[in-house]
Each structure stands twice: as structure tokens, then as C-alpha cells.
Student: 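Before I ask anything, let me first share the structure, which is written out below as C-alpha cells.
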Amino acid sequence: MALSGSISRRYARALFSIGVDRGSFEQLGRELDAVAELWAGSPELRQALENPIFKDFEKRAVMQSLLPRVAPTPDVQKFVLLLLERRRLPAVSNIARAYREMADLHTGRVRAHVTSAQALGPAELERIRQSLARRTGKQVILESAVDAGLIGGVVARVGDLVLDGSVRTQLGALRERLLN
């Protein structure tokens with residue numbers, strides 16, 4: 001079942017405000033991410049909890065046995081059980097993403113996606129992170145990926161800002177100039 005973005009944000013906002021009030025929003029976010037990873041990484045769990053053959057109390061018992069391992073905070077456990085009860089658990093990844101966005105906005109962070117032709121070392125990633133932090137004026141959390149199709153260079157995405165220093169793009173621009 002797909003859950004619209006506004007409903008996902010509403011659920012995320014409810015947990016986020018509890019976390020802000022209690023000063024534990026970062027911990028709650030990490031635990032919510034862990035639940036989302038569990039959901040995404042376990043087809044057996046998804047099949048069991050989405051299967052109408054199993055009764056609601058059986059599904060709840062399964063989650064109650066799993067939750068202390070991935071989400072020790074009672075607030076997150078209650079939240080996930082509420083999602084289960086309302087049949088919203090399939091949207092936990094979208095809810096976790098919305099929660100992360102709220103936490104980033106609250107703390108003045110931005111997430112940057114850096115793609116390079118080859119894996120970058122820690123020193124290179126740190127230089128890129130610092131450069132993006134200076135440019136945005138915010139703390140930057142880097143996520144990196146490799147795409148050999150770039151040939152060389154780096155593409156960095158921070159929100160709507162795309163900084164493309166890839167050889168592929170430079171060759172494409174050169175091709176356009178030569179053809180025109």
C-alpha cells in the first residue's frame with residue numbers, strides 16, 4: 001500500500017515532535033531508520049505482516065518480539081505498533097525519510113549525494129564535504145556512490161543544487177560546441 005507524502009510527513013512529524021520535546025529526536029530517528037531497514041531487508045517479515053491469514057494479535061506479537069532489538073526506545077516501539085495497527089507499516093521507509101528531513105532542517109544539516117567514477121578515499125570525501133559546507137553554510141552529511149559511466153570527476157547533489165564536474169558532462173559540452 002502506497003502512502004502519500006503528506007500522510008508520511010504527518011506520521012513523521014508526530015514522532016519528531018515527541019523526540020524534540022524529550023530531547024531525543026536524533027535517537028528516535030536512528031531507531032526509526034533501523035525499523036525501516038528491517039522492513040526493507042526482510043521479505044519474510046513483510047509477507048507475514050501483510051498476510052491476512054495471520055490475526056492482528058499474532059502480527060503484534062511478532063513485532064513486539066523484534067522491536068527491542070532494533071528500537072529499544074518505548075516511544076519508537078509504540079509508534080511502530082501504531083503503524084502496524086493502522087496498516088501503515090509498509091510506509092515506514094517513507095516515514096523515516098520524512099523524519100530525517102525534519103531532523104536535518106531542525107539541526108541545520110543538508111544531505112549531499114556525491115557520485116564519482118571510482119570510489120573516493122576518506123580524505124577526498126572530507127575535502128568535498130568541507131567545500132559543500134562552505135558553499136551551503138550548513139553541516140553536510142555525505143552519501144557517496146560510484147558510477148563508472150562518469151569516466152572521471154565528481155557529481156555532487158545538495159537539494160536542488162547539482163555541481164557536475166564529470167568528464168562525461170565535459171565531453172558532452174565539447175561535443176555540442178563542435179557540432180554547433
Side-chain angles (χ1 to χ4, degrees), residues 2-41 69-77 79-80 83 88 91-177:
L3 190 63
S4 80
S6 64
I7 296 174
S8 293
R9 282 189 298 278
R10 208 174 299 159
Y11 277 97
R13 191 175 311 112
L15 183 61
F16 184 73
S17 52
I18 291 169
V20 168
D21 290 347
R22 298 192 179 158
S24 61
F25 70 93
E26 295 281 12
Q27 175 67 27
L28 299 184
R30 284 190 297 273
E31 291 182 18
L32 185 59
D33 283 339
V35 171
E37 287 175 26
L38 174 68
W39 181 260
R69 293 182 226 157
V70 293
T73 306
D75 291 328
V76 175
Q77 291 181 15
F79 180 75
V80 171
L83 293 177
R88 304 286 198 200
V92 72
S93 295
N94 292 337
I95 295 168
R97 186 178 315 108
Y99 189 100
R100 234 177 288 121
E101 290 170 1
M102 289 174 197
D104 290 346
L105 185 63
H106 184 74
T107 58
R109 295 183 300 228
V110 292
R111 294 188 185 267
H113 302 276
V114 175
T115 307
S116 58
Q118 296 178 339
L120 299 173
E124 294 165 313
L125 287 171
E126 181 58 22
R127 276 198 316 272
I128 292 170
R129 190 194 63 72
Q130 288 176 358
S131 175
L132 292 172
R134 279 192 304 274
R135 183 156 184 147
T136 61
K138 296 183 178 188
Q139 178 188 357
V140 175
I141 299 171
L142 273 186
E143 298 169 2
S144 64
V146 174
D147 178 2
L150 293 179
I151 305 171
V154 173
V155 177
R157 287 183 176 80
V158 183
D160 294 337
L161 176 66
V162 177
L163 304 167
D164 191 340
S166 68
V167 172
R168 177 175 63 193
T169 299
Q170 293 172 13
L171 288 174
L174 179 62
R175 180 175 184 255
E176 286 297 316
R177 282 194 302 248

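Since we're looking at a predicted model, the values are computed, not measured.
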Student: Rounded to the nearest 0.5 Å, what separates atom CZ in Arg69 from atom CG in Leu38?
Tutor: 9.5 Å
Student: Report the residues that fulfil salt bridge (Lys or Arg N to Asp or Glu O under 4.0 Å) with Glu143, sequence neighbours left out, ordered by chain and then residue number.
Tutor: Arg111
Student: Test of understanding: with side chain to side chain donor-acceptor pair (under 3.5 Å), list the residues that count as partners of Arg22, not counting sequence neighbours.
Tutor: Asp75
Student: Of all heavy-atom pairs between Ala12 and Ala98, which one has the smallest distance, and what is that distance?
Tutor: CB-CB, 3.8 Å
Student: Find out whether Leu132 and Leu142 are in side-chain contact, i.e. whether some heavy atom of one side chain is under 4.5 Å from a heavy atom of the other.
Tutor: yes
Student: Nearest heavy-atom pair of Ala112 and Val140: which atoms, and what distance?
Tutor: CB-CG1, 3.7 Å
Student: What salt bridge (Lys or Arg N to Asp or Glu O under 4.0 Å) pairs are there with at least one residue in residues 122-134, not counting sequence neighbours?
Tutor: Glu126-Arg129
Student: CZ/Arg97 to CG/Leu32 distance, rounded to the nearest 0.5 angstrom?
Tutor: 11.5 Å
Student: Which atom pair, heavy atoms only, marks the closest approach of Ser17 to Ala14?
Tutor: OG-O, 3.0 Å
Student: With side chains defined as the heavy atoms from C-beta onward, is the minimum distance between Met102 and Phe25 less than 4.5 Å?
Tutor: no
Student: Under the rule for side chain to side chain donor-acceptor pair (under 3.5 Å), what residues qualify as partners of Gln27, not counting sequence neighbours?
Tutor: Arg30, Glu31
Student: With a 4.5 Å cut-off on side-chain heavy atoms, are Ser144 and Leu125 touching?
Tutor: yes
Student: Without placing hydrogens or testing angles, list every side-chain donor-acceptor pair under 3.5 Å for residues 154-165, not counting sequence neighbours.
Tutor:
from: Asp164; atom 1: OD1; to: Ser166; atom 2: N; distance (Å): 2.9
from: Asp164; atom 1: OD1; to: Ser166; atom 2: OG; distance (Å): 2.7
from: Asp164; atom 1: OD1; to: Thr169; atom 2: OG1; distance (Å): 3.1
from: Asp164; atom 1: OD2; to: Thr169; atom 2: OG1; distance (Å): 2.6

Student: Does some side-chain heavy atom of Phe79 sit less than 4.5 Å from a side-chain heavy atom of Ile95?
Tutor: yes
Student: For residues Asn94 and Ser8, report the shortest heavy-atom separation together with the two atoms involved.
Tutor: CB-OG, 3.5 Å
Student: Find out whether Leu28 and Tyr99 are in side-chain contact, i.e. whether some heavy atom of one side chain is under 4.5 Å from a heavy atom of the other.
Tutor: yes
Student: Taking atom CG of Asp33 and atom CZ of Arg100, what is their separation to the nearest 0.5 Å?
Tutor: 4.5 Å
Student: Just jot down the salt bridge (Lys or Arg N to Asp or Glu O under 4.0 Å) partners of Glu26, sequence neighbours excluded, or say none.
Tutor: Arg109
Student: Please confirm whether the backbone N or O of Ala71 pairs with a side-chain atom of Gln77, one donor and one acceptor, at under 3.5 Å?
Tutor: yes
Student: With rounding to the nearest 0.5 angstrom, report the CG to CG distance, Leu15 to Leu83.
Tutor: 9.0 Å
Student: Which pair of non-hydrogen atoms, one from Gln118 and one from Val146, has the smallest distance, and what is that distance?
Tutor: C-CG2, 4.0 Å
